[in-house]
Amino acid sequence: MQIRTSVGPAPNLGKRCLWAVVGLCLWAGQVSAQSVSCKSLVATGNPEYTPYLWRDPTDETRLIGANADLMQLLSKEIGLPIEVKYQGSWARVQEQAKNGRVDLIAGAFFTLPRLEYMDYFYPAFRSTRTVIWTPAKNTFTYKTWGDLKGRKGLTVINNSFGEAFDRYAKEFLQIDEVSQLEQAFRMLGVGRAQYIVYEEDPGRALATKLGYDDLKTSSVAVSNEGLHLTLAHQSPCNTGEMRGRIAKALHKLTKDNVMKQLVENNIQRWRQQVGP
């Protein structure tokens, strides 16, 4: 009886095993490199967002406010430093996140386009109210989105007020975008627009600072949206392990309702800076 032994596939099997080991080593190296590179995080956000965020008058490279204070509490929870830096206008901040030049955005509404370049953490850490701003002499009353049809509005570039309103505005409303809320206030004051769409608390803070005491806000909100913490896809800190750590810590802070006190503290802080 002749016994035949098949030895043909062995070399190919060996090669496959070798490449599998090489691939595993490369993957492990990438994970290790990401872990090593994430020793701290840079957070930023809208710099015209009092009492949530604004530039530190003693160091204009920094942002301060309730959201910045939240980042320091988060830093303690995850055991990594978080620096809250000024990175320019709100539009530029979003570009920085797209390019991975910042890690975290401390306060962003949910929109589908933003999912293309950053991950959202849940739950939202704060709910905000968006309203219609008009001059005191305004003659139209806002109750529904339809009341804005045929009127010229303003908002800040790349602002979102929720998916539903954004879609409605794109299809039915005339809302021009400007680079800063202060510019929108000036244009409203000289009659170059009939209304501004913007969030209530940040808008009131800036109006107080600039002395725009004759502006009115609608009693009916345009939308109520959640403020989320986000992590840029291109951030070297965006790993499954880090997302888990941040999500767990943020859930704890949200459950403890820390933002309520942080907002109250920073309203007082802003008033002291602006003066009587």
Side-chain angles (χ1 to χ4, degrees), residues 37-76 78 80-109 111 114 117-121 125-126 128 155-160 177-186 198-210 227-238 246 250 253 258-259 262-263 265-275:
S37 63
C38 188
K39 296 181 179 179
S40 63
L41 298 103
V42 173
T44 189
N46 188 343
E48 294 187 327
Y49 210 47
T50 314
Y52 303 114
L53 287 175
W54 72 95
R55 293 178 80 175
D56 185 347
T58 64
D59 180 359
E60 293 198 340
T61 66
R62 297 176 60 240
L63 292 177
I64 57 176
N67 292 5
D69 291 347
L70 179 67
M71 292 302 96
Q72 298 315 305
L73 294 178
L74 180 67
S75 171
K76 293 178 182 178
I78 66 174
L80 284 176
I82 300 177
E83 184 181 8
V84 187
K85 299 180 67 175
Y86 170 72
Q87 296 287 336
S89 69
W90 179 225
R92 179 168 171 75
V93 161
Q94 292 170 76
E95 286 299 319
Q96 297 285 74
K98 287 180 184 179
N99 298 328
R101 295 193 179 98
V102 296
D103 303 300
L104 301 166
I105 291 186
F109 291 165
T111 71
R114 291 174 184 171
Y117 59 91
M118 58 190 186
D119 295 316
Y120 281 74
F121 290 98
F125 62 81
R126 180 74 173 178
T128 65
T155 193
V156 176
I157 293 173
N158 284 1
N159 251 18
S160 168
E177 295 182 331
V178 295
S179 60
Q180 295 181 321
L181 181 59
E182 181 176 351
Q183 181 183 355
F185 281 153
R186 288 200 305 267
Y198 204 77
E199 291 157 79
E200 187 170 33
D201 288 341
R204 284 192 184 281
L206 184 61
T208 298
K209 179 181 179 180
L210 300 175
L227 271 181
H228 292 268
L229 178 66
T230 68
L231 179 62
H233 290 171
Q234 297 299 319
S235 164
C237 293
N238 195 336
I246 293 175
L250 190 64
L253 294 170
V258 298
M259 277 298 289
L262 294 181
V263 170
N265 291 347
N266 280 280
I267 288 174
Q268 296 303 318
R269 185 183 191 180
W270 171 258
R271 287 175 178 168
Q272 290 171 4
Q273 286 183 8
V274 172

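Given the structure is predicted, the values throughout are model-derived calculations rather than measurements.
From Gln87, atom CD reaches atom CD of Gln96 across 5.0 Å, with rounding to the nearest 0.5 Å. Taken to the nearest 0.5 Å, the CG atom of Asn67 stands 4.0 Å off from the CZ atom of Phe125. Taking CE of Met118 as the start and CD of Gln94 as the end, the distance is 6.5 Å to the nearest 0.5 Å. Interatomic distance, Asp201 CG to Thr128 OG1, rounded to the nearest 0.5 Å: 8.5 Å. A distance of 11.5 Å separates CD of Glu199 from OG1 of Thr50, quoted to the nearest 0.5 Å. A distance of 10.0 Å separates CD1 of Ile105 from CG of Asn46, quoted to the nearest 0.5 Å.
The backbone N or O of Met71 lies less than 3.5 Å from no partner atom in the side chain of Ser75, so there is not a single donor-acceptor pair. A distance-only check finds no donor-acceptor pair linking the side chain of Tyr86 to the backbone of Trp54 [under 3.5 Å]. In terms of modelled atom types and a separation under 3.5 Å, the side chain of Asn238 and the main chain of Ala232 share a donor-acceptor contact. No donor-acceptor pair under 3.5 Å is formed between the side chain of His228 and the backbone N or O of Ala108.
Residues Ile246 and Leu104 have side chains in contact (heavy-atom distance under 4.5 Å, counting atoms from C-beta outward). Tyr52 has its side chain within reach of Val263: a pair of non-hydrogen atoms, C-beta onward, lies under 4.5 Å apart. Under the 4.5 Å side-chain criterion, counting only non-hydrogen atoms from C-beta, Leu210 is not in contact with Arg186.
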Next on the checklist: Apply side-chain contact (heavy atoms from CB on, under 4.5 Å) to residues Leu262 and Arg126 and explain how you reach the verdict.
Outcome noted: CA-CA 11 Å; Leu262 294 181; Arg126 180 74 173 178; over 6 Å; no
Checklist entry - Does the side-chain contact (heavy atoms from CB on, under 4.5 Å) test come out yes or no for Leu63 and Arg55, once each step is laid out? => result CA-CA 5 Å; Leu63 292 177; Arg55 293 178 80 175; 4.0 Å; yes
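Of all the heavy atoms in Ile157 and Trp90, the pair that sits closest is O-CD1, 3.9 Å. Here the closest non-hydrogen pair linking Pro47 and Gly88 is CG-O, 3.2 Å. Closest approach of Leu70 and Leu250 over heavy atoms only: CD2-CD1, 4.5 Å. Closest of all the heavy-atom pairs between Gly45 and Leu53 is CA-CD1, 3.6 Å. Taking both residues in full, the closest heavy atoms of Pro51 and Pro202 are given as CD-N, 4.5 Å, listed atom of the first, atom of the second, then distance. Of all non-hydrogen atoms in Phe109 and Leu227, the two that sit nearest each other are CE2-CD2, 3.8 Å.
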For residues 177-184, dump all side-chain donor-acceptor pairs below 3.5 Å to protein atoms at least two apart in sequence or in another chain.
{"unit_1": "Ser179", "atom_1": "OG", "unit_2": "Gln183", "atom_2": "OE1", "d": "3.2"}

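Checked against side-chain contact (heavy atoms from CB on, under 4.5 Å), Glu95 has the following partners two or more places apart in sequence or in another chain: Lys98.
Checking each of Val102, Asp103, Val42, Asp119 against Ser235 for a side chain to side chain contact (heavy atoms under 4.5 Å, CB included) leaves exactly one that passes, namely Asp103.
The 12-atom threshold is not exceeded at CZ of Arg92, counting heavy atoms of other residues, nucleotides or ligands nearer than 6.0 Å.
Using modelled atom types, one finds a donor on one side chain and an acceptor on the other under 3.5 Å when comparing Asp69 with Asn266.
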